[in-house]
Amino acid sequence: MAEKSKERIAAQNKKAFHDYFIEDSYEAGIELSGTEVKSVRACAVNMKDSYCYVEKGELFCTGIHISAYEKGNVFNKDPLRVRKLLMHKKEIMRLYGLIGKEGYTLVPLKMYFKGPRVKVQVGLCKGKKNYDKRDTEAKKQANRDIERYTKGINR
């Protein structure tokens, strides 16, 4: 019998959904120390302004702020250090070819637990222009108004 994998979200990068069109998303593991994992379990993570890059055939992520574990003392690492993402070499090379295109970048979208492991969802993104952002915001507002209106009718 297949078990449902419980995914507990530790952090989301909401700014990425505002600033980028998400073309595709990939799952990657992340290399963390013990005290960093404890901080992630406590949801002490900020993914705002973070991005990923490929260097020498390896995938790295910078800008993720994982707060220092309060009981970790000397074992704590730098909260903003560059962290290695774990993916297969073929996937990394394919992503490297895709981000070589004009306007594409890799952005971490969310950090979550899949079983005992910490995973990062990395999105292949293309930047939005200001008018795209306004258009998206207008659509969200229209949907909110429709929901509010229909909610009042059903009573």
Side-chain angles (χ1 to χ4, degrees), residues 1-32 35-54 59-70 78-88 90-92 94-155:
M1 181 182 242
E3 292 182 21
K4 291 182 181 178
S5 63
K6 290 188 176 184
E7 291 183 2
R8 191 175 70 98
I9 296 174
Q12 282 189 321
N13 190 351
K14 293 181 181 177
K15 188 175 180 190
F17 291 97
H18 181 264
D19 291 343
Y20 300 101
F21 291 113
I22 312 307
E23 301 289 326
D24 205 0
S25 64
Y26 303 91
E27 183 180 74
I30 186 167
E31 191 175 69
L32 298 173
T35 55
E36 287 177 324
V37 174
K38 291 180 180 187
S39 291
V40 172
R41 285 195 190 283
C43 297
V45 181
N46 185 354
M47 300 180 79
K48 191 175 181 181
D49 298 327
S50 58
Y51 64 95
C52 301
Y53 61 92
V54 178
L59 187 61
F60 294 96
C61 189
T62 187
I64 295 179
H65 185 279
I66 298 177
S67 299
Y69 184 59
E70 59 188 40
D78 178 32
L80 282 172
R81 73 183 181 94
V82 177
R83 293 172 180 88
K84 186 176 178 181
L85 296 180
L86 308 171
M87 291 179 82
H88 291 285
K90 286 182 180 180
E91 291 177 316
I92 293 172
R94 185 176 62 221
L95 287 175
Y96 183 65
L98 291 172
I99 62 175
K101 293 180 182 177
E102 187 176 329
Y104 283 97
T105 187
L106 287 175
V107 178
L109 301 176
K110 69 179 177 178
M111 187 179 288
Y112 57 95
F113 285 94
K114 191 171 186 182
R117 309 219 188 293
V118 179
K119 299 289 184 176
V120 176
Q121 184 179 20
V122 179
L124 180 67
C125 305
K126 188 168 183 138
K128 284 185 182 179
K129 306 286 185 198
N130 280 338
Y131 57 85
D132 292 328
K133 293 177 190 177
R134 285 192 297 269
D135 186 44
T136 304
E137 195 62 38
K139 286 180 184 175
K140 281 185 186 177
Q141 185 61 40
N143 286 339
R144 275 190 227 122
D145 292 342
I146 291 169
E147 287 292 323
R148 193 176 303 125
Y149 181 72
T150 56
K151 187 176 179 182
I153 289 176
N154 292 337
R155 288 185 181 187

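Under the salt bridge (charged side-chain N to carboxylate O under 4.0 Å, His left out) criterion, the residue pairs touching residues 40-51 are K15-D49, with sequence neighbours excluded.
Within 6.0 Å of OH on Y51 lie no more than 12 heavy atoms contributed by other residues, nucleotides or ligands. The local environment of CD in Q141 is crowded, with over 12 non-hydrogen atoms from other residues, nucleotides or ligands closer than 6.0 Å.
Of all heavy-atom pairs spanning S50 and V107, the tightest one is O-CG1, 3.9 Å. In plain terms, the two heavy atoms of Y112 and I9 that are nearest each other are CB-CA, 3.8 Å. Shown here for V122 and C52, the closest heavy-atom pair between the two residues is CG1-SG, 4.2 Å. Nearest approach of P108 to M47, heavy atoms of both residues: CB-CE, 3.4 Å. Pairing each heavy atom of F113 with each of V37, the nearest pair is CZ-O, 4.4 Å. Between A28 and M87, the shortest heavy-atom contact is CB-CG, 3.5 Å.
Applying the ring-ring contact (aromatic ring centres under 6.0 Å, His included) test to F60 and every residue at least two apart in sequence or in another chain returns Y53. Take R8 and apply the side-chain hydrogen bond (donor to acceptor under 3.5 Å, both in side chains) test, not counting sequence neighbours, and it matches no residue. With sequence neighbours excluded, no residue forms a side-chain hydrogen bond (donor to acceptor under 3.5 Å, both in side chains) with D135. Applying the side-chain hydrogen bond (donor to acceptor under 3.5 Å, both in side chains) rule to R81 yields the partners E36; only residues at least two apart in sequence or on another chain are considered. Residues meeting the salt bridge (charged side-chain N to carboxylate O under 4.0 Å, His left out) test with R148, sequence neighbours left out: D145. Looking at residues two or more places apart in sequence or on another chain, you find a side-chain contact (heavy atoms from CB on, under 4.5 Å) between K38 and Y69. Checked against side-chain hydrogen bond (donor to acceptor under 3.5 Å, both in side chains), T136 has the following partners two or more places apart in sequence or in another chain: K128. In terms of the side-chain contact (heavy atoms from CB on, under 4.5 Å) criterion, residue partners of I30 (sequence neighbours excluded) are, by chain and number, L32, R83, L85, M111, V118, V120. For E23, there are no salt bridge (charged side-chain N to carboxylate O under 4.0 Å, His left out) partners, not counting sequence neighbours. Taking the ring-ring contact (aromatic ring centres under 6.0 Å, His included) definition, one finds that F17 meets it with nothing, sequence neighbours left out. Every residue two or more places apart in sequence or in another chain was checked for a salt bridge (charged side-chain N to carboxylate O under 4.0 Å, His left out) with K14, and none qualifies.
Here CG of L95 is found 11.0 Å from OG1 of T105. Values are rounded to the nearest 0.5 Å. Between the CG atom of N13 and the NZ atom of K110 there is a distance of 12.5 Å, given to the nearest 0.5 Å. Remark: C125 SG to Y104 OH distance equals 10.0 Å, nearest 0.5 Å. Annotation: the span from H88 atom NE2 to R94 atom CZ amounts to 11.0 Å, rounded to 0.5 Å. Rounded to the nearest 0.5 Å, atoms CD1 (I99) and CG (L106) are 4.5 Å apart.
In terms of modelled atom types and a separation under 3.5 Å, the side chain of D24 and the main chain of L124 share no donor-acceptor contact. Between the side chain of S39 and the main chain of S67, a donor-acceptor pair closer than 3.5 Å is present.
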